[in-house]
Amino acid sequence: MAIIMDTSTPFSADMKDLPKAYEASNIEADIYQKWEDSGAFNPDELLKLDPRYKDAEPYCIVLPPPNRTGNLHMGHAKTVAIEDILIRFHRMLGRKTYWVPGTDHAAIATQVKVEQQLIKQGIKDPRRELGREKFLEKVREFAQGSRDNIVSQCKAMGGSMDWKLEKYTLDEQRNRAVNQMFKMMHEDGLIERGYRVVNWDPRFKTTLSDDEVLHKETQAELITFKYDKDFPIAISTTRPETKFGDTAVAVNPDDKRYAQYVGQTFTANYCGKEITVKVVADKEVDMNFGTGALGVTPAHSMIDAEIAERHGLPMVQVINEEGCMKNEAGPEFFNLTTIEARKKAVQMLDDNGLVLERKDILQNLMVAERGGETVEQLPMFQWFVRVNKKFKLRQDTLRKWKKGDEATLKDLMRHSVESGQIRILPENQVKIYFHWVDNLRDWCISRQIWFGHQIPVWYKLQSDMYETYERDPDSFARTIRSLGNSPIVALEKPEGERWVQHPDTLDTWFSSGMWTFSTLGWPDENEWNKNRAYHPTDVLETGRDIIFFWVARMILMTTYALGEVPFNDAYLHGLVLDEKGRKMSKSLGNTIEPLEMIPKYGTDAVRLSLVMGTSPGMDQKLSEDKIKDFRNFTNKLWNISRFILQSTSRAVISTEDVGRLEKSLADKWILSKYYDVQNRVTQLLEQYQFSQAGELLRDFTWGDFADWYLEVAKIEKNKDAMLWHILPRLLKLWHPFMPFVTEYIWEVGKMGEQSLIVSEWPSGEMKDEGLVKDFEQVKNLITDLRRLRSENGVEPVKLVDFAVVADEASRRLIEENMEVVKAMSRAQSVTLVESIAEGWATAVSGTMTIGLDLAGAIDVAAEKSKLQKEIDGLKPYIASTEAKLQNKEFTSKAPEKVVAGMQAKLDEAKAKISALEERLTSLK
RNA sequence: GGACGUUUAGCUCAGUUGGUUAGAGCGUUCGAUUCACAUUCGAAAGGUCGCAGGUUCGAAUCCUGCAACGUCCACCA
C-alpha cells in the first residue's frame, strides 16, 4: 500500500507555534503576492506551473469593469467573490482560466463626480473656467486614483485575475475598437445623425439615454383650460409653459364630442403668443382622461413627437438647452425658467378666466439618474443607433442567418436568448430582458460631456468656421449641434487642413458593450486571433440591476460585430442591502465598507458572508454580525487543521489505498460522508448554487468532521492516514470560497509540492449507506445518553454509569463501538442489560431503552409525567400513519418506497411506545 | 397601469421533479474552561409554512383568488 508516512515531523517546530486564533490580516497580503508571482493568475503561465494545463479547455470570464468613480462597495465585493469562486473552481478542474480584469471610465458618472468636487472647491463653472483640456486633465487624474483603489480592493478581496492584463474602456486599444464599430454600423446604416426629441439634462448640458432617466413620483398641478376664449376645446396639462409649442390638439377618433372639429386648423392666442393648432384624431388618446383632448407639443414630448409624425405636424421648440424659455414663447416669457414661466402662464390664464379646473395629482417627473436634475425633452441633432432598421449581415450570425441576410439589431438580441445560445440565470430575468428588448427605441449614443470616446467623425470646416473653432472650441461645439447635416464628413481621421473631430463623446455603454471581445483584442488581428478561443466567454456574472445598461447592450454589439453571442451564461446576482433591507447608500449612512470589514474579520469571512445564505438572483441583507459569524467559521477550520497538524504525522494516501485500509465504523462513515459531500459540492458549483455548496461543506466540516469524527479520532487513535486523506481534500473544496486560510494551512502543513490554487480538484467515490446508518445509530445513542444526563442535571464532566436495553443487532453495534460510546457520553460504564434497574432515570433511544444511575435520587412523579408526555406525543402520529397505511387509495397509488418507509417508521414508533409504556408500568 | 419577486422558528434564510414526524445559522434557556478551537463544547425550547378556496391517496411545494411588502418598466396628457 502506497502510504507515505512521515514520522520525522520535520515541521513540528513550526506547528507548535501556530497561534490559537487565525489572524487573517497577518498573512493575506503575502499569500496574494505569492500567487501573483507564481503566475497562477495568468492563463499562459499556468502551463509552466502544471503540464495538465497544456491542451486544457479555456475558461473565460470578463470582470464587469467597475466604474472609476471611487471605491468598491459590497456589490462589487460580491461580484469579485462569486467570479473568483468560479475561476478558482475551474482552474482546479484543469481549465485554462482567463479572468479579464479592467475598469470603466463611466463617462457621465465620473465627469459629474469631478465637476461636483470642483464646485465644492469653489470653482463655480468648472467646464467653462478650465476649458476642455484642463478639465479633462482633472477628470483623468481622478479616474487614475479611482483605478488604483479599485485594483487594490480587488486584490484585497482575493480576486485571482491577472492585473498585468488589465484593460480600460477608455484606453487606446478600446478606442480602436470603438471607432471600428462606429464605422461598421455607420456603413450599415445603423448609426445615423437625426433631428429628434431627446432627453436633455439642462444642468450638465448633455443628452441622456432612456435608461439614464428615472421617473420620480412628484406632486403636480393639473390644470384644465382653453388656449383662448374663442378656442372650442379645453385641454389639460401639468406643464402650461410648454403649450406655446403646441401644434395640434389630438382627440380619440371615437370621441363624438370633438368629431366636428377634426381636420380643422385654428389660430389661438395663448398667453400673448399666437399659435396654430390643428385638431387631429389619434387612437392613442384616452377619451376618459381630463377633457379627452390632448394638446400636442411635438418638440417637448417623445410621445407627442410620435403623434406629430403620424399626422405630419410641425415642431415648435420653446425651451432651450439651458432649460429656459425661447423667443418662440413670446417676449414676455423669453428667458424665464420653465418654473417661472409655468407660474406666469397659469396666472395669465386665470386672469383671463380660461382655467376650468385645477387639481393636484401625482405625476412621474423625469430626472437624471446621475445628478437628479429634471430632464427636459428637446429636439436636436444627435447620433442614434437604429435598433429597428434592417441591415445586411456581414457574416453568418447566431446559427440562424447567413451572411447577406437581413435582420434588425432587435432580431439579433431576441434570438440570442430565444434560441438558448445565451442562458440567462435565474430564469425569471428572461422575461424582463424580452420586455426591454421589445420596447427598445433607437439608442441615442452622443453625449455633450467631454470625458469619453470622441465620436469618430471628422468635419472639413470652412476657413471662417475654422477660425471660430480655434478661438472658442466650446462655442463651435454648440454650433455643430445646431447644424443640419454637415457637408463634408470623414469616418477616419484624414490628413489635411481644417479637419476637426466631432466634439461630442459616446455613451459610456457604447464602449462597455464591446467589453467581451474588445478586451480580447478585437479588431487588432494578431491579438484577437490569439485570444479567439476565449470567446464566447463562458459566463457573464453581474448584478441584476444592470441587465439593461450592460448585458443587453453587450448582446447587441457582439452579435452584430461577430455573429456570435458574448457569453454562454449570464448569471445575475441580487443586490446587497443593509440589514433592514434598504439599499446601501452614503447618504443614508448605512453602508458596510469592504475595506473596513476585511482587516477586521478577514477576506475569507467577507467572501463567505456575501455568498452563503443567499439564493441566485435574490437580494440579500448583510450585517456585520453575519461577517463575524463567518470569521468564527474561518477560525474553526483553522483549529481543525491546527489540531491535525499538531497531533498527527503527515501521510499521503490515495483514494484506492484508503479503501484498502483497515477501518473502524467511524472511519467508514466519515469517508462515505466526505465523498458524498465532495461530489455534491462539485455538482452544485457547476450549477452556480454557491450557497448550497457552501452550506453543505460547512455542515460537514463543523458537524460531521469536527464535532464527531475528530472526537472519535481522539479515542480510537492512529488516524493519521485517515485525517491526512480527508483534510487536504477538504481544503481543496473550500479553496474557491476561502482562498487565504486554505492556502495558508496547505502551506504550513506542506500538503503539496504546488500551491493549493493550482492543485487538482478532488474526485473519486466511496459509498456505503448501510455503514452510514449504523454509525448514525451510534451517534443517536450518544446524543440520547447526553440528553439523559442533561435532563437529570448531571454535570457534563461527571463520569456516570449507563445501562442499555437493546436487541441483538444493536447490542453488537454498541459492543463494537464501546470505547467511543463511553468516552463521548462521559460514562464510567455502559452495561447492556435486560431491564433498567429501579431508581434509575430512563429514556427511549430509537428501539433501545437507556438508563442512568442516579443512585436512587430519582423523582418518580416527574419521570412518569415525562414518559406519559412522550407517549401522548407519539400517539396521534401512530394513529394517522396507521390510517394512511390502511387507505387502499394510498397504498395502491403511492410509490412502494414511500409506503415501505412509512411502515418502517410506524414499526419504530410502535416499538418506542411499547418501551415507554413498559417503563411506565414498571415505575408504579 | 403593466410585469416580476417575496411572505416558512424571535431574526436571516434553505427546502431539489408534490411523498415518511418541515431544516440550518444567529438569538434565547440550561450546563460546561488545563487536554485543537469560549471566535469553543454539550443539551433544550421555539413553526397550524401570509389568508381563502381548489386539484390529489398525499400540498410549504401545483392551480385560482385575495392581502401585505419590495423591485423594475410605462406617455394618463
Side-chain angles (χ1 to χ4, degrees), chain A residues 18 20-22 215 222 235-239 250 284-286 288-291 293-297 301-304 306-307 361 363-364 428-429 431-432 435-436 439 544-545 547-548 574-575 577 579 581 583 601 605 612-615 617-623 625-626 628-647 687 689 691-692 695 698-699 702-703 706-707 710-711 714 783 786-791 793-797 824 826 873-874 876-877 880-881 884 887-895 897-906 909:
Chain A
L18 296 179
K20 281 171 91 164
Y22 170 67
H215 299 268
L222 181 73
I235 58 167
S236 302
T237 186
T238 54
R239 300 202 57 189
E284 288 292 301
V285 178
D286 180 359
N288 301 314
F289 186 87
T291 62
L294 165 66
V296 180
T297 322
S301 156
M302 284 189 200
I303 297 307
D304 290 6
E306 280 168 21
I307 296 175
I361 59 162
Q363 192 198 225
N364 280 324
N428 62 39
Q429 299 288 329
K431 254 192 173 173
I432 297 175
H435 181 260
W436 184 83
N439 291 294
R544 57 147 239 262
D545 52 330
I547 180 167
F548 306 136
L575 274 36
L577 307 172
E579 52 197 314
K583 237 179 173 168
Y601 302 108
M612 304 272 265
T614 67
S615 48
M618 296 291 296
D619 293 351
Q620 76 170 104
K621 292 173 192 167
L622 183 69
S623 62
D625 275 345
K626 189 173 175 188
K628 198 160 137 197
D629 290 342
F630 286 109
R631 186 272 317 264
N632 294 358
F633 176 71
T634 314
N635 189 57
K636 185 72 188 182
L637 183 62
W638 168 251
N639 272 293
I640 288 168
S641 308
R642 191 165 76 104
F643 171 64
I644 294 172
L645 296 185
Q646 289 180 341
S647 65
Q687 298 163 348
Q689 300 280 357
S691 184
Q692 282 196 45
E695 278 168 42
R698 183 191 53 192
D699 293 348
W702 203 320
D707 291 344
L710 290 187
E711 293 309 315
K714 287 175 189 170
T783 303
R786 285 167 171 174
R787 184 189 308 130
L788 190 58
R789 301 176 63 111
S790 175
E791 279 174 356
V794 180
E795 290 167 14
V797 281
M824 294 187 75
R826 294 287 297 168
L874 223 45
Y877 168 69
S880 78
T881 310
K884 268 187 207 164
N887 184 344
K888 276 204 181 127
E889 288 237 66
F890 170 67
T891 49
S892 63
K893 286 184 183 171
K897 226 178 148 182
V898 173
V899 178
M902 216 180 236
Q903 184 66 54
K905 278 276 180 182
L906 177 63

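The chains referred to below are lettered A, B, ... by the order of the sequence lines, with proteins before strands, and numbering in each begins at 1. Remember, it's a predicted structure, so these values are computed and weren't measured experimentally.
- Once rounded to the nearest 0.5 Å, the distance linking CZ of A:Arg642 with OG of A:Ser647 reads 10.5 Å.
- Between B:rC72 and B:rG19, the two P atoms lie 35 Å apart (nearest whole Å).
- Relative ring orientation between A:Tyr22 and A:Trp638 is described as tilted, the plane-to-plane angle lying within the 30° to 60° band.
- Side-chain atoms of A:Asp699 lie closest to B:rA24 of the nucleotides B:rA77, B:rA24, B:rA36.
- Between B:rC57, B:rA36, B:rU40, one nucleotide has an atom nearer to the side chain of A:Asn632 than all others, and that is B:rU40.
- With both ends at atom C1', the span from B:rC30 to B:rC63 equals 47 Å, rounded to whole Å.
- The C1' atoms of B:rC66 and B:rG31 are separated by 49 Å, rounded to the nearest whole Å.
- Close to B:rA14, at under 4.0 Å from its OP1 or OP2, lies a side-chain N or O of A:Ser615.
- Atoms NZ and CE, on A:Lys897 and A:Met902 in that order, are 14.5 Å from each other to the nearest 0.5 Å.
- Judged by Watson-Crick or G-U wobble contacts below 3.5 Å, the nucleotide B:rA52 has B:rU64 as its partner.
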At a cut-off of 3.5 Å, list every protein nitrogen or oxygen paired with a nitrogen or oxygen from nucleotides 67-69 of chain B, distance to 0.1 Å.
none

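- Of the candidates B:rC75, B:rU40, B:rG19, the closest approach to any side-chain atom of A:Ile303 belongs to B:rC75.
- Remark: A:Arg631 is not in phosphate contact with B:rU39, judged by side-chain N or O atoms under 4.0 Å from OP1 or OP2.
- Here A:Arg698 lies in heavy-atom contact (under 4.0 Å) with sugar-phosphate atoms only.
- With B:rC57, B:rA14, B:rU39 as the choices, the nucleotide that has an atom nearest any side-chain atom of A:Asn635 turns out to be B:rU39.
- Contact annotation: A:Lys431 side-chain N/O to B:rC72 OP1/OP2 distance is not under 4.0 Å.
- The P atoms of B:rA44 and B:rC57 are separated by 39 Å, rounded to the nearest whole Å.
- A distance of about 13 Å separates the P atoms of B:rU64 and B:rA3, rounded to the whole Å.
- Listed nucleotides B:rA77, B:rA36, B:rA44 differ in distance to A:Arg642; the shortest reach to its side chain belongs to B:rA36.
- Here the CG-OG1 distance, from A:Asp619 to A:Thr614, works out to 10.5 Å after rounding to the nearest 0.5 Å.
- A:Asp286 comes within 4.0 angstrom of a base, heavy atoms only.
- The same atom, P, is picked in B:rG70 and in B:rA52; the two are 24 Å apart, to the nearest Å.
- Of the inter-residue distances, the one linking A:Asp629 atom CG with A:Arg698 atom CZ reads 9.0 Å to the nearest 0.5 angstrom.
- Nucleic acid contact for A:Gln363: sugar-phosphate only, since backbone atoms but no base atoms lie under 4.0 Å from a heavy atom of the residue.
- OP1 or OP2 of B:rA44 sits under 4.0 Å from a side-chain N or O of A:Arg787.
- Considering only the side chain of A:Phe890, B:rC57 comes nearest among B:rG25, B:rC73, B:rC57.
- As judged by a 4.0 angstrom heavy-atom cut-off over every strand, A:Lys20 is placed among residues touching the sugar-phosphate backbone only.
- Nucleotides B:rA68 and B:rG27, compared at atom C1', are 26 Å apart to the nearest Å.
- Listed pair A:His215 / B:rA74 meets the phosphate criterion, a side-chain N or O lying under 4.0 Å from OP1 or OP2.
- Taking 4.0 angstrom as the limit, A:Lys893 places a side-chain polar atom (N or O) nearer than this to OP1 or OP2 of B:rC57.
- To the nearest 0.5 Å, atom CD of residue A:Glu889 and atom NZ of residue A:Lys893 are 4.5 Å apart.
- Counting only heavy atoms from C-beta on, A:Asp707 has its side chain closest to B:rG42 among B:rA24, B:rG42, B:rA36.
- Comparing atom distances between the A:Phe548 side chain and each of B:rA14, B:rU56, B:rC72 picks out B:rC72 as nearest.
- Pairing for B:rG18 is absent, with no Watson-Crick or G-U wobble pair whose two atom distances lie under 3.5 Å.
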Candidate pair A:Arg631 and A:Lys636, rule side chain to side chain contact (heavy atoms under 4.5 Å, CB included), full reasoning:
CA-CA 9 Å; A:Arg631 186 272 317 264; A:Lys636 185 72 188 182; over 6 Å; no
Working note: A:Leu577 + A:Lys583, criterion side chain to side chain contact (heavy atoms under 4.5 Å, CB included); need CA distance, chi angles, decisive distance, verdict.
CA-CA 5 Å; A:Leu577 307 172; A:Lys583 237 179 173 168; 4.2 Å; yes
5' to 3', nucleotides 6-12 of chain B under a 4.0 Å protein heavy-atom cut-off (B base, S sugar-phosphate only, - none) gives S-----S
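- Set against B:rG19, B:rA77, B:rU40, the side chain of A:Lys636 has B:rU40 as its closest nucleotide.
- Between A:Trp702 and the phosphate of B:rC41, there is a side-chain N or O to OP1/OP2 separation shorter than 4.0 Å.
- Annotation: the span from A:Gln903 atom CD to A:Leu906 atom CG amounts to 5.5 Å, rounded to 0.5 Å.
- Nearest to the side-chain atoms of A:Ala21 among the listed nucleotides B:rG42, B:rA24, B:rU39 stands B:rU39.
- Within the structure, every side-chain polar atom (N or O) of A:Lys884 is placed at least 4.0 Å from both OP1 and OP2 of B:rG19.
- Within 4.0 Å (heavy atoms only), A:Ala250 reaches no atom of the nucleic acid at all.
- Toward the 5' end of RNA chain B, the nearer of the two residues A:Glu795 and A:Glu284, judged by each one's closest nucleotide, is A:Glu795.
- An OP1 or OP2 oxygen of B:rC76 is reached within less than 4.0 angstrom by a side-chain nitrogen or oxygen of A:Asn364.
- Proximity of A:Gln687 to the phosphate of B:rU16: no side-chain N or O atom is located under 4.0 Å from OP1 or OP2.
- An OP1 or OP2 oxygen of B:rA43 is reached within less than 4.0 angstrom by a side-chain nitrogen or oxygen of A:Thr783.
- With a 6.0 Å radius and a threshold of 12 heavy atoms from other residues, nucleotides or ligands, A:Lys714 has its NZ atom above the threshold.
- Atom P of B:rA60 sits at a distance of 11 Å from the matching atom of B:rC51, rounded to the whole Å.
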